[in-house]
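Working notes, structure below.
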Amino acid sequence: MINLVTNQKSAFTDEMYSICTVQDSLDYLYSLESIALDTETEGFDPHTDAIISLQLGNNDIQYVIDISTVDIQLYKELIETRLILMQNAKFDLKFLFKHNIIPKDIYDTFLAERVLSTGIDNIRKSLGALVFKYCNVSLDKSIVNVIGTEGLSTRVIQYAADDVKYLHQIQKEQLIKLKELGLQKTISLDNKYVFVLAYIEYCGMYLNSTKWKAKCLEDKQNMQNIKNQLDKYILDNPTDYKEFIDNQYNMFEEGFSTKINWNSEKQVIPLMEKLGVNVEIKDKKTGIIKKSIDQKILRPQINIHSLVSLYIKYKGYQKEVSTYGENWFEYINSKTKRIHTNYTQIMNTGRLSSGQKGNKKKGISQKPNMQNVPSEDRTRNCFTAMPKNKLIVCDYSGQEQIVLANKSLDKDLLKFYKKGLGDMHSFVASKIFPELAELPLDEIKKNHKEKRQIAKGAGFAINYGGTGITIAENLSISLEKGEEVYKAYFKAFPGLANYFKKEKEKAVKLGYVQFNEISYRKSFIPFFEEFKTLHNELYGTDNFWDIYKLEKSKHSDYFKTELSPKVRKYFKKKGDIERTSLNYPIQGTSADITKLAGIYVFKYLKENNLLFKVLMPNVVHDELHLECSEDIASEMAVVLKDCMEKAGEKFCKTIALKADPCITDYWTH
DNA sequence: ATCTGTAGCGCC
DNA sequence: AAAGGGCGCTACAGAT
C-alpha cells in the first residue's frame, strides 16, 4: 500500500495511492523497529542536487514523502532512532548528511550481498537483481531515467515505493545466508563503515588550484623538453634512424620530423630493439614471450643507450600530465571547491577502491582515484587544508608487516617487534645470511647494503606468495641464488613457513579464504568448482598419473594436447588459490583495521558534536585524514591516533600496531 | 565516431 | 606445474 505525504494535495489525484499527513506516517513508522529508506534525487551530488522524495516503509506500507513541500526535518528523529534498511546506503546517506540527519543504525542490502559474494565478481547486486533473486519480483527500473523530468508522476511514485517495499524481505533472506556462512560480524562492520565512507565522500579534499596549475605547467614543460630531446636525437642521426623519420617536409616546424609517437609502445619497441635493448619478456598471464618496454625491463638496461633513460623520463612526465594534470580541475566541486570522489567499499580483499568512470548520458561525472596520487611532495603538497584549517594525516607504521607477525606468530618475527627497534630488512638479512648473524642491525644497514637489498626484495616477494624465481627475477640474481634466499628465509622464520602452509591448505580445501577471527571476512574462490573437478580427475579413483607417465614417455599427441595442459591448468589454479590464501588475509585484515579505526573516529565525532566541523578528507588503505580548525588540531590528532591504535588492538593482540599522526598544512607525512 | 582490450604505471 | 597481492586511469590499437 502506497501513501503519499505532500503539502500540495491538489496536484495528486491518482487512485493508485492514498494521501496522508505527516502525523499519519509518523504514527505508523514509529511502531516499526526497522524502516526501509530510499530517496529520489535531482542528481548524484548531495551538495548541489536536491532530494525529490523520501521513501520510508516496509513490505506492507510505503510512504512516499514529497520533500519539495514537506520539511524533511520532521522525519529526522524517526530516522535517527530506528534501524534503517537501505540499498547502497552510501548514496542516500550523503543526502541525509546534507540535512544533518545521521541514522542510528543501517543495514545495507547491497553491502550484505557483496559480503556474501566477496571474491566472485559476476553476482549482480542492483536492487532489481536482489528483488528478483530474493522476492521473485521483476521491477521496472527504466523509470529511474524520467524522475528528473517527470517529478512525482504516478509511475514515479509507484517506482519510488517499490524501492523500499522489498528491503525487509531481502534482509531476512540475506541474514539467513550470512549466518550460515559466519559473516554476521563482517556485515556488521561494513554496515557501520558505510557512515564513514559516506562522510569522507561528503567532506571531500581540498585541492589548491594555484599550486596545481603551477605543477601542471612545470610537468608540461618538462615533458615537452624531453620529447624535443628524443626527437632531436633521431633527427640528428638520419642515416641510422631513417625509418623513424617522416620524409615529408613539415611546413609548420621547418624541417623533418620524427614519425614516432612516443606514447605508443608499439612504435617505440622497434627503436629500442635497434638500440640494442632486449625487450622480450614472458607474459604473466599467457606464458608467451612478448615484447615490452615497461620500466621493469628498461631500468636494468639503462646504460645501453642515452635514449633509454630519456624515454623513461618522458614516460614519467607523460603520466603526470595525463593522469595527474589539468583534468583534475574538472574534479573540483563547484559548490564546495573540494574534490569528492567515489569509493567502492568492498573489493575482493575487503579493501576500498576509489574512482569512477564518467557517463555523460547517465549524467555521471568522472571521479579521480584518490588512492594513487603520486607520493612526491610536489604533487601531494597541492592537497591542502582550507584556510585557517589544519590537516591531520595519520598512517599505521608497517601495517601489513605487523598484521603478518600477529597472524603467523613466528617467534623470531615476534622477538624482533617486541624489542621494537632496528631496521626490519637488516634483521631479515641477518637471518638469511649466516655471515651477518652476529652483526648489529645498524652495521648491516650501513655496510651490507647489497645483502640488505636482497633481504628486502625477498621478504616483500615471499609475503605476497613469491618464490625463489620471483626473488631471482626481481633482484637480477641467479635462479640458484634466488632459491637459496627463499629457503634461507623460511629456515630463519619457520613459524612463517608453517603459517603459510596452513593457510594454503585451508583455502585449497574450503574454496574460500577467511581473513581473521575478528571480522570473519571471507573471500570466495570464483573458480573453485572447476578446480575441484580438475582435482578429482587427477587424484580421484582413476590411475591418472600412471597414464600420465606412460603417455609422457611416449611423447604422444594425447599427452601434448590433453594431459599436459590439464595438469598445467590444475597447478596454475592451485597456485592462484594458494597465493590468494597468503595475500588476502594480510591485505583484508589490514583493511578491516583501517575500517574499524574510521568507525571509531566517526563515533567520536558524532558523540562530541563535531560532525561537519571536523572533516574526513580521504583514506588510503593504511592512512586516515582529518581536517579541522587549528585550535583543535592537536586534540584531534590524539583522537585519530587513539582510534587507529584501538582498532589495531582488536586485530593485533600480540604485537601492537602503532599510528603516528602529523599535523600539517599539506598532505604529507 | 565510439567501443573494447591491453600495456603501462600511479598508490598501498 | 608454476612461480609477487590489491586497485583505477590514460594512452593506443583494432574493431565495429
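What you see is a predicted model; the values in this text were computed from it and never measured. Below, chain A is the first sequence line, B the second, and so on; all start at residue 1.
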Hey, mind stepping through A:N369 and A:N372 against side chain to side chain contact (heavy atoms under 4.5 Å, CB included) and telling me if it holds? CA-CA 6 Å; A:N369 182 348; A:N372 70 348; 3.4 Å; yes

hbond_proxy A:K319 side chain to B:dC9 base (donor-acceptor, 3.5 Å cutoff): yes

If you check the A:H621 side chain, which of C:dG8, C:dG6, C:dT10 turns out closest? C:dG6

Does the separation of the ring centres of A:F515 and A:F651 fall below 6.0 angstrom? no

Considering only side-chain heavy atoms of A:K572, which listed nucleotide, C:dA3, C:dC9, B:dA7, is closest? C:dA3

Residue whose closest nucleotide on DNA chain C lies nearer the 5' end, A:K296 versus A:Q318: A:K296

Provide, to the nearest angstrom, the distance between the NZ atom belonging to A:K361 and the C1' atom belonging to B:dC3. 10 Å

A:N263 has its side chain closest, among B:dG10, C:dC7, C:dC12, to C:dC12

Using atom NZ of A:K313 as one end and atom C1' of B:dG8 as the other, report the distance to the nearest whole Å. 20 Å

Base, sugar-phosphate, or nothing for A:N463, non-hydrogen atoms under 4.0 angstrom? nothing

Ignoring hydrogens and angles, does a donor from either the side chain of A:N369 or the base of C:dG8 sit under 3.5 Å from an acceptor on the other? no

Just to confirm, is there a sub-4.0 Å distance from OP1 or OP2 of C:dG8 to any side-chain nitrogen or oxygen of A:S354? no

Base, sugar-phosphate or nothing for A:L352? Non-hydrogen atoms, less than 4.0 Å. nothing

Does the structure place the NZ or CZ of A:K574 under 6.0 Å from the centre of the six-membered ring of A:F531, at an angle of no more than 45° from the ring's axis? no

Specify the separation, in whole Å, of atom CH2 of A:W262 and atom C1' of B:dA7. 18 Å

C:dG6, C:dC9, C:dA3: which one has an atom nearest the side-chain heavy atoms of A:Q366? C:dC9

Tell me which nucleotide among B:dC11, C:dG14, B:dG10 gets nearest to the side chain of A:K266. C:dG14

For a quick test of reading the model: is some side-chain N or O of A:Q356 closer than 4.0 Å to OP1 or OP2 of C:dC9? no

Carboxylate-amine/guanidinium proximity below 4.0 Å for A:E320 and A:K215: yes

Any side-chain N or O of A:N327 less than 4.0 Å from the OP1 or OP2 oxygen of C:dC9? no

Does A:T323 place a side-chain N or O at less than 4.0 Å from the phosphate oxygens OP1/OP2 of C:dT10? no

Classify A:Y396 by what it touches in the nucleic acid, base, sugar-phosphate, or nothing, heavy-atom distance under 4.0 Å. nothing

Could you walk me through whether A:L563 and A:F544 pass the side chain to side chain contact (heavy atoms under 4.5 Å, CB included) check? CA-CA 9 Å; A:L563 298 179; A:F544 178 88; 3.7 Å; yes

Are A:K522 and A:Y512 in a cation-pi contact, defined as NZ or CZ under 6.0 Å from the six-membered ring centre and within 45° of the axis? yes

A:D395 near the nucleic acid: base, sugar-phosphate alone, or nothing, with a heavy-atom cut-off under 4.0 Å? nothing

Using a distance-only criterion (donor-acceptor N/O pair, under 3.5 Å, no hydrogens), is the base of C:dG6 paired with the side chain of A:R351? yes

Nearest listed nucleotide, side chain of A:Y331, among C:dT10, B:dG8, C:dG6: C:dT10

Using the side-chain heavy atoms of A:F571, tell me which of these nucleotides is nearest: B:dG8, C:dA1, B:dC11. C:dA1

Please work out if A:K367 contacts a base, only the sugar-phosphate, or nothing of the nucleic acid, heavy-atom cut-off 4.0 Å. sugar-phosphate

Looking at C:dC7, I'd like to know if its phosphate oxygens (OP1 or OP2) sit under 4.0 Å from a side-chain N or O belonging to A:Q587. no

Counting only side-chain nitrogens and oxygens, does A:S292 get under 4.0 Å of the OP1 or OP2 atom of B:dG8? yes

Options B:dG8, C:dT10, C:dG5, nucleotide nearest the side-chain atoms of A:Y584: C:dG5

Looking at C:dT10, I'd like to know if its phosphate oxygens (OP1 or OP2) sit under 4.0 Å from a side-chain N or O belonging to A:Y317. no

Indicate, yes or no, whether a donor-acceptor pair under 3.5 Å links the base of B:dG8 to the side chain of A:E265. no

Protein-nucleotide distance (A:Q267, atom CD; B:dT6, atom P), rounded to Å: 20 Å

Flag side-chain contact, heavy atom, 4.5 Å: A:D190 against A:I346: yes

Among C:dA3, C:dA13, B:dC12, which nucleotide sits nearest the side chain of A:D622? B:dC12

Quote, to the nearest angstrom, the P distance that separates B:dA7 from C:dA3. 16 Å

Which part of the nucleic acid, if any, lies within reach of A:E320 when heavy atoms closer than 4.0 Å are counted: base, sugar-phosphate only, or nothing? nothing

Between A:K315 (NZ) and C:dT10 (P), how many Å, whole number? 14 Å

Does A:K573 have a side-chain nitrogen or oxygen under 4.0 Å from the phosphate oxygens OP1 or OP2 of C:dA1? no

Scan A:K569 against the nucleic acid and name what it touches under 4.0 Å (heavy atoms): base, sugar-phosphate only, or nothing. nothing

Is the A:F524-A:F528 ring centre distance short of 6.0 angstrom? no

Strictly below 4.0 Å: does A:T344 bring a side-chain N or O up to OP1 or OP2 of C:dC7? no

Take atom CD of A:Q345 and atom P of C:dC7, then tell me their distance rounded to the nearest Å. 15 Å

Compare the minimum distances between each of C:dG8, C:dA3, C:dT10 and the side chain of A:N372, then state the nucleotide with the smallest one. C:dG8

Rounded to whole Å, CE of A:M370 lies from P of B:dC11 at a distance of 14 Å

Mind calculating the distance between OH (A:Y314) and P (C:dC12) to the nearest angstrom? 8 Å

